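Report on one structure; see the data block that follows.
Since this is a predicted model, take the numbers as computed values, not measurements.
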Amino acid sequence: MTLQIIPYIMLDGQASEAIEFYVKALDAKVLFKQTIGEGPDNPEFPLTIEEKQRVAHSVLQVGTTEMYVADLSPDQACQLGNQVTICITANEREQSKPIYDALLQDGQVIMPLQETYFSPAYGMVTDKFGVTFQIFTKRPR
């Protein structure tokens with residue numbers, strides 16, 4: 001089983017600015033960046049132009065390590081405890097489910113583990129200690 005544990009910084013509309021800052025301050029390289037507007041539209045939740053410009057996901061390489069930076073979705077409030085999360089990245093859905101279930105024991109579901117447009121199995125859970133984990137499964141290549 002191959003897993004990665006990656007720090008994930010969640011901001012409230014400042015992700016693009018933070019990415020530029022980390023590129024300069026840490027000599028980070030931007031490997032991937034996608035805005036919310038580049039994802040599929042949801043007619044039930046129309047977004048403003050400003051909301052569509054928020055960063056949905058980015059991958060920065062700092063030395064030999066990766067770091068993720070994104071903006072919270074417009075319906076989420078930035079609060080103590082959700083600004084920095086830990087993203088556990090698995091290669092297969094079969095790896096993600098037991099990890100998600102284990103972290104959920106006496107914890108709280110933030111987003112159920114489910115297929116999304118960017119992952120075959122993605123979910124968020126806050127464990128019983130108040131630490132928020134994102135479980136991300138890579139798409140097969």
Side-chain angles (χ1 to χ4, degrees), residues 1-48 50-141:
M1 176 182 343
T2 302
L3 295 176
Q4 290 178 296
I5 296 182
I6 299 170
Y8 205 130
I9 298 171
M10 302 295 291
L11 299 170
D12 192 18
Q14 305 94 356
S16 287
E17 180 183 346
I19 290 166
E20 290 178 28
F21 175 77
Y22 296 133
V23 165
K24 292 176 184 170
L26 303 175
D27 195 29
K29 307 290 184 259
V30 179
L31 303 179
F32 177 83
K33 181 180 174 185
Q34 182 180 41
T35 65
I36 292 173
E38 292 172 300
D41 285 330
N42 183 346
E44 294 179 26
F45 298 101
L47 299 173
T48 66
E50 182 180 282
E51 291 170 336
K52 288 181 177 185
Q53 292 173 346
R54 286 178 170 242
V55 176
H57 183 62
S58 72
V59 179
L60 306 181
Q61 183 174 340
V62 181
T64 60
T65 303
E66 288 183 353
M67 175 171 75
Y68 298 161
V69 180
D71 286 309
L72 293 161
S73 64
D75 61 334
Q76 293 177 308
C78 191
Q79 59 191 25
L80 183 63
N82 74 351
Q83 190 173 18
V84 178
T85 63
I86 297 171
C87 184
I88 299 176
T89 301
N91 290 326
E92 300 174 5
R93 166 183 242 135
E94 293 74 25
Q95 292 174 290
S96 297
K97 177 91 171 102
I99 293 167
Y100 180 89
D101 290 343
L103 290 169
L104 185 56
Q105 292 179 22
D106 298 322
Q108 177 184 356
V109 171
I110 304 300
M111 180 178 177
L113 189 68
Q114 61 191 323
E115 184 170 353
T116 65
Y117 75 94
F118 56 85
S119 172
Y122 175 81
M124 292 178 67
V125 61
T126 299
D127 72 10
K128 65 182 176 181
F129 303 104
V131 178
T132 300
F133 289 87
Q134 297 183 49
I135 312 304
F136 173 79
T137 310
K138 293 180 181 180
R139 286 214 176 274
R141 294 184 191 240

Separation of Leu60 CG from Ile6 CD1 (nearest 0.5 Å): 11.0 Å
Is the number of heavy atoms from other residues, nucleotides or ligands under 6.0 Å of Phe45 CZ greater than 12? no
Find the distance between OG (Ser119) and CZ (Phe136) and round it off to the nearest 0.5 Å. 5.0 Å
Closest approach of Pro43 and Pro46, non-hydrogen atoms and distance? O-CD, 3.7 Å
On a heavy-atom basis, the closest approach of Val55 and Val69 is CG1-O, 3.8 Å
Within this structure, what is the CD-CG distance for the pair Glu44 and Asp41, rounded to the nearest 0.5 Å? 12.5 Å
So with a 6.0 Å cut-off around CD of Glu17, is the heavy-atom count from everything else above 12? no
Kindly say whether Thr137 contributes a backbone atom to a donor-acceptor pair with the side chain of Arg93 at under 3.5 angstrom? no
For side-chain contact (heavy atoms from CB on, under 4.5 Å), just list the numbers for Val62 and Tyr22, CA-CA rounded to whole Å, side-chain angles, deciding distance to a tenth of an Å, and then say yes or no. CA-CA 9 Å; Val62 181; Tyr22 296 133; 5.9 Å; no
Where do Thr35 and Lys52 land on the side-chain contact (heavy atoms from CB on, under 4.5 Å) test, with the steps shown first? CA-CA 7 Å; Thr35 65; Lys52 288 181 177 185; over 6 Å; no
Mark yes or no for whether Asp127, through its side chain, and Leu103, through its backbone, hold a donor-acceptor pair below 3.5 Å. no
For the CD1 atom on Ile5, are there more than 12 heavy atoms of other groups (residues, nucleotides or ligands in this structure) within a distance under 6.0 Å? no
Run the side-chain contact (heavy atoms from CB on, under 4.5 Å) test on Gln53 and Ser16 for me, step by step, so that the C-alpha distance in whole Å, both residues' side-chain angles and the decisive distance to 0.1 Å come before the verdict. CA-CA 9 Å; Gln53 292 173 346; Ser16 287; over 6 Å; no
Counting only heavy atoms not in Phe21, do more than 12 fall under 6.0 Å of its CZ? no
Value rounded to 0.5 Å, distance of CD in Gln108 from OG1 in Thr126: 5.5 Å
Is there a side-chain contact between Met111 and Thr116 (heavy atoms, below 4.5 Å)? yes
If I compare all heavy atoms of Arg54 with all of Asp12, which pair ends up nearest, and what's the gap? NH2-OD1, 3.0 Å
Donor-acceptor contact below 3.5 Å, side chain Glu51 vs main chain Thr48: yes
How many angstroms lie between atom CD1 of Ile86 and atom OG1 of Thr132, to the nearest 0.5 angstrom? 9.0 Å
Pairwise distance CD1(Ile19) to NZ(Lys33) - rounded to 0.5 angstrom: 5.0 Å
Do you know the tightest heavy-atom contact between Asp106 and Lys128? O-CB, 3.3 Å
Nearest atoms (heavy-atom pairs only) where Tyr8 meets Ala56: OH-O, 3.7 Å
If I compare all heavy atoms of Pro98 with all of Gln95, which pair ends up nearest, and what's the gap? CD-O, 3.4 Å
Donor-acceptor contact below 3.5 Å, side chain Asn91 vs main chain Lys138: no
Answer whether the closest heavy-atom distance between the side chains of Leu104 and Phe133 falls below 4.5 Å. no
Counting only heavy atoms not in Glu50, do more than 12 fall under 6.0 Å of its CD? no
Geometric class of the Tyr68/His57 ring pair [parallel <30°, tilted 30-60°, perpendicular >60°]: perpendicular
